[in-house]
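The structure presented is a predicted model; accordingly, all values stated were derived computationally and were not measured.
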Amino acid sequence: MVTYGAHPGWEALGDPSRLAIVQRLADRPLAVGELADELPISRPAVSQHLKVLKSAGLVVDQARGTRRVYRLSPVGLAALRDQLDTFWRRALDGYQDLVEETEESS
């Protein structure tokens, strides 16, 4: 369930296996079998997690012969970063307001 206009990638990254997949793909593009070799989950499980990550816009795939190679989506990751930047700016603005209120009441 996605709420408050959050990017669906946040929910997808909430699963430890999907987060591990994203961490592996940050190093280089990988096929399903290569990911399964690096993780303590089955190849079908890796495929299911990749499906969720692809649906969330965090990974893209490309056919290379009989394999599908997955890589991180720059567009999807940029959307997450934009939301983090927004959260950060709002938190800093709130902190600045608090400091200014404290100074005024002194």
Side-chain angles (χ1 to χ4, degrees):
M1 170 171 76
V2 178
T3 58
Y4 303 111
H7 189 280
W10 296 119
E11 184 176 352
L13 290 174
D15 181 276
S17 294
R18 289 193 287 269
L19 180 58
I21 289 170
V22 167
Q23 290 170 332
R24 300 301 188 294
L25 293 177
D27 293 332
R28 62 184 164 79
L30 295 165
V32 175
E34 293 170 315
L35 283 163
D37 289 344
E38 295 182 13
L39 298 167
I41 57 177
S42 68
R43 187 179 179 132
V46 169
S47 293
Q48 287 299 101
H49 287 301
L50 285 167
K51 183 177 177 182
V52 171
L53 290 167
K54 186 175 178 180
S55 175
L58 297 180
V59 301
V60 294
D61 62 328
Q62 180 180 26
R64 289 194 188 157
T66 59
R67 303 180 329 156
R68 298 209 72 72
V69 176
Y70 290 82
R71 64 179 174 83
L72 295 180
S73 168
V75 173
L77 292 179
L80 293 181
R81 183 175 178 156
D82 287 347
Q83 282 194 334
L84 278 178
D85 287 345
T86 298
F87 299 154
W88 182 245
R89 280 192 303 275
R90 288 166 63 190
L92 288 177
D93 289 346
Y95 178 71
Q96 183 176 354
D97 291 346
L98 179 65
V99 169
E100 289 172 358
E101 286 175 16
T102 304
E103 289 175 352
E104 289 175 7
S105 65
S106 297

dist Asp82:CG -> Thr86:OG1 (nearest 0.5 Å) comes out at 6.5 Å
Quiz prompt | Heavy-atom check, side chain of Arg89 versus side chain of Asp85, under 4.5 Å | solution = yes
>> If hydrophobic clusters are built by linking Ile, Leu, Val, Met, Phe, Trp and Tyr wherever their side-chain heavy atoms come under 4.5 Å apart, do Leu53 and Trp10 end up in the same one?
In response: yes
- prompt: Are Val69 and Ile21 in one and the same hydrophobic cluster, where Ile, Leu, Val, Met, Phe, Trp and Tyr link if side-chain heavy atoms are under 4.5 Å apart?
  reply: no
| said: Quick check: do Leu58 and Leu77 have side-chain heavy atoms less than 4.5 Å from each other? | reply: yes
Residues passing the salt bridge (Lys or Arg N to Asp or Glu O under 4.0 Å) test with Arg68, sequence neighbours excluded, are Asp61
With a 3.5 Å distance limit and no angle check, can you tell me whether Arg24 reaches the backbone of Ala20 through a side-chain donor-acceptor pair? yes
Handout entry: Cluster overlap Leu13 with Val59, hydrophobic side-chain contacts below 4.5 Å
Key = yes
Item to complete: Answer whether the closest heavy-atom distance between the side chains of Leu35 and His49 falls below 4.5 Å.
Response: no
Let me check something: do Leu19 and Leu84 share a hydrophobic cluster, defined by ILVMFWY side-chain heavy atoms less than 4.5 Å apart, either directly or through other members? yes
Legend entry - Flag, side chain of Thr102 to backbone of Leu98, donor-acceptor distance under 3.5 Å: yes
Query - Any donor-acceptor pair under 3.5 Å from Arg43 side chain to Ala36 backbone - result: no
Do Val99 and Tyr95 touch side chain to side chain, with heavy atoms closer than 4.5 Å?
yes
(message) Is there a path of hydrophobic side-chain contacts, each under 4.5 Å between heavy atoms, that joins Leu80 and Val52?
(response) no
For Arg28, the salt bridge (Lys or Arg N to Asp or Glu O under 4.0 Å) test, sequence neighbours excluded, returns Glu38
